[in-house]
Each structure stands twice: as structure tokens, then as C-alpha cells.
There are 2 protein chains.
Amino acid sequence: MTSSKDPILAAFGSRVRQLRKERSLSQEALADEAGLDRSYIGQVERGEKNVSLSNICRISNALNVPPQSLLETIYVHQE
Amino acid sequence: MTSSKDPILAAFGSRVRQLRKERSLSQEALADEAGLDRSYIGQVERGEKNVSLSNICRISNALNVPPQSLLETIYVHQE
DNA sequence: TTGTGACTATAAGTCCGTG
DNA sequence: ACACGGACTTATAGTCACA
């Protein structure tokens, strides 16, 4: 499931990338801030990783945004 | 790390429990809606599990709330 | 500076049960 | 209806070398 194109993970990753670029950070710089690996951040941004809640918060913290703002672009079909 | 008291996971779990009870659902009923295991939901609510983004969305979908509302009670220290 | 595939260790998550 | 545990399978975390 890690590498399958899950639109949720893709939306999350795009959001991270958007916020990172707004701050003119490299993946490496963001990774450093978050205490994560550079390539891991890249994988997250490409929607290849099903990120855990801990890491969502680490990344949001590194970006100086509340964690829920990283989920803002995720739309789940309500019935 | 599974059983350590991470306040982020605890806050998330409490929020899930709160919303579940508002809907008068049992853990089993919620698990069924979300396509997850009954005991897993219990562990999540007790803050014992580091939930993945996919499962955050599954649970939020089962509760009929947007995923970011499950993170609303999580406050990360901004510097 | 980033994309990518491969890799190992550990945690996620399931399924069975108990009180 | 829930907490909790053991044993189990599968996914994620986290890192690396290289394109």
C-alpha cells in the first residue's frame, strides 16, 4: 500500500510541498527541522508514504502550522 | 513506544472517543464502519497506537467528520 | 537538490481469547 | 460493551547508494 497512488496521501504530500516551498526550504532543511530523513520527506511529498500521526505533527511543527492544516486539502466522500 | 503516553496520540484518541460517544456507537460498530478491528479502535482511543493517515481518514469517514477535525484538540508548541 | 529502489527493524494492525 | 493480553502477519519508519 505504501507505493500505490492513494489520493489521500497524494493530497497530503502536495500540501506539505506547497507549505515547504512557501517557506523556501529544501527537503533537506525541512527534514532537519522535523528530525526526519531527507528522502523520507521526498517520499511523503510524492504520496508514497502513509505517514503516521506522530510524523504528521513533526512535519507540521517544522512548518510552523497546526497539524490539521496539513489535512485541509483532503476531502473524504461523506454519504 | 506503543504503550508510552504520547500526548498527541492521547489527544487524538480522546477526540475519537468523544465523537464516537456523541453518536452512541460502540467501539465495535465504529470499527465495523471504518473497516478496522474492534481491539484496534480501543487501543487508538487509549492513545496506544500511532495511527496512520489512511486510518485517520477511515475513522473520520466512519464518524462523518472531516479528518482535520480529529486533530483539532492537538496543540503543538510553536516557537 | 531531488527521485527512486532496496533494505532491516520495529510498530501497526488482526485475530484469538480472558475478566 | 470495554480493557487487556498473546501470537501473528503486514506495513511503516528510517536509512542508504545511486541516478
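Proteins get letters first, then strands, A, B, ... in listed order; numbering begins at 1 in each. Being a predicted model, the structure only gives us computed values, none of them experimental. Reckoned from all heavy atoms, side chains included, excluding hydrogens, waters and symmetry mates.
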Student: Rounded to whole Å, how long is the line connecting atom CD1 of I56(A) with atom P of dT12(D)?
Tutor: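 So the two atoms are 12 Å apart, to the nearest Å.
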
Student: Can you name the nearest heavy-atom pair linking L71(B) to Q68(A), along with the distance?
Tutor: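 Taking every non-hydrogen atom into account, O-OE1, 3.6 Å.
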
Student: Let me know, please, whether G35(A) or K21(B) comes out on the 5' side of the other along DNA chain D by nearest nucleotide.
Tutor: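 Counting from the 5' end, the first nearest nucleotide belongs to K21(B).
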
Student: Would you say dT14(C) has OP1 or OP2 under 4.0 Å from some side-chain N or O of R38(B)?
Tutor: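 Result: no.
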
Student: To the nearest Å, give me how far apart CZ (R17(A)) and P (dT1(C)) are.
Tutor: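 Spelled out: CZ on R17(A) to P on dT1(C) is 15 Å.
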
Student: Rounding to an integer number of Å, can you tell me how far L36(B) CG sits from dT9(D) P?
Tutor: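 Taking CG of L36(B) and P of dT9(D), I get 20 Å after rounding.
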
Student: Considering just the side-chain nitrogens and oxygens of N50(B), establish if one lies under 4.0 Å of OP1 or OP2 belonging to dA11(C).
Tutor: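 Indeed not, no polar side-chain atom of N50(B) lies that close.
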
Student: Please confirm whether the shortest side-chain N or O distance from Y40(A) to OP1 or OP2 of dA13(D) is below 4.0 Å.
Tutor: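 For Y40(A), the contact criterion (side-chain N or O under 4.0 Å from OP1 or OP2 of dA13(D)) is met.
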
Student: Would you indicate, yes or no, if dG14(D) has its OP1 or OP2 atom less than 4.0 angstrom from a side-chain nitrogen or oxygen of N55(A)?
Tutor: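 It does, given that an N or O in the side chain of N55(A) lies less than 4.0 Å from OP1 or OP2 of dG14(D).
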
Student: List the atom of C57(B), the atom of S60(B), and the distance in Å for their closest heavy-atom pair.
Tutor: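 Scanning both residues completely, I find the closest heavy atoms to be O-OG, 3.0 Å.
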
Student: Could you tell me if the side chain of L36(B) sits less than 4.5 Å from the side chain of N55(B), heavy atoms only?
Tutor: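 Yes, close enough: below the 4.5 Å cut-off.
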
Student: May I have the distance from D37(B) (atom CG) to dT10(D) (atom C1'), rounded to whole angstrom?
Tutor: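 Rounded to whole Å, this separation is 14 Å.
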
Student: Counting only side-chain nitrogens and oxygens, does R20(A) get under 4.0 Å of the OP1 or OP2 atom of dT1(C)?
Tutor: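 R20(A) to dT1(C) OP1/OP2: no side-chain N or O under 4.0 Å.
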
Student: Closest heavy-atom contact between I74(A) and A11(A)?
Tutor: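 Shortest heavy-atom separation between I74(A) and A11(A) comes out as CG1-CB, 4.0 Å.
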
Student: Heavy atoms from C-beta onward define the side chain here; which of dA1(D), dG14(D), dT2(C) lies closest to that of K49(A)?
Tutor: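 Among dA1(D), dG14(D), dT2(C), the one nearest the side chain of K49(A) is dG14(D).
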
Student: Separation of I41(A) atom CD1 from dT1(C) atom P, in whole Å?
Tutor: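 Checked: the CD1 to P distance equals 15 Å.
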
Student: Round to a whole Å and report the spacing from CG of D32(A) to C1' of dT1(C).
Tutor: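 The distance from CG of D32(A) to C1' of dT1(C) comes to 15 Å, rounded to the nearest Å.
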
Student: Looking across every strand, which nucleic acid part, if any, lies under 4.0 Å from S39(B) by heavy atom: base, sugar-phosphate, or nothing?
Tutor: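 Counting heavy atoms under 4.0 Å across all strands, the contact made by S39(B) includes a base.
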
Student: Please give, in whole Å, the distance from dA3(D) C1' to E48(B) CD?
Tutor: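 Rounded to whole Å, this separation is 9 Å.
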
Student: Using atom CD of Q43(B) as one end and atom C1' of dG17(C) as the other, report the distance to the nearest whole Å.
Tutor: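 After rounding, the reported distance stands at 14 Å.
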
Student: Ignoring backbone atoms, establish whether S52(A) has a side-chain N or O less than 4.0 Å from OP1 or OP2 of dA13(D).
Tutor: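 Yes, within the criterion.
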
Student: What are the two closest heavy atoms between S52(A) and N50(B), and how far apart are they?
Tutor: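 Of all heavy-atom pairs spanning S52(A) and N50(B), the closest is OG-ND2, 3.2 Å.
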
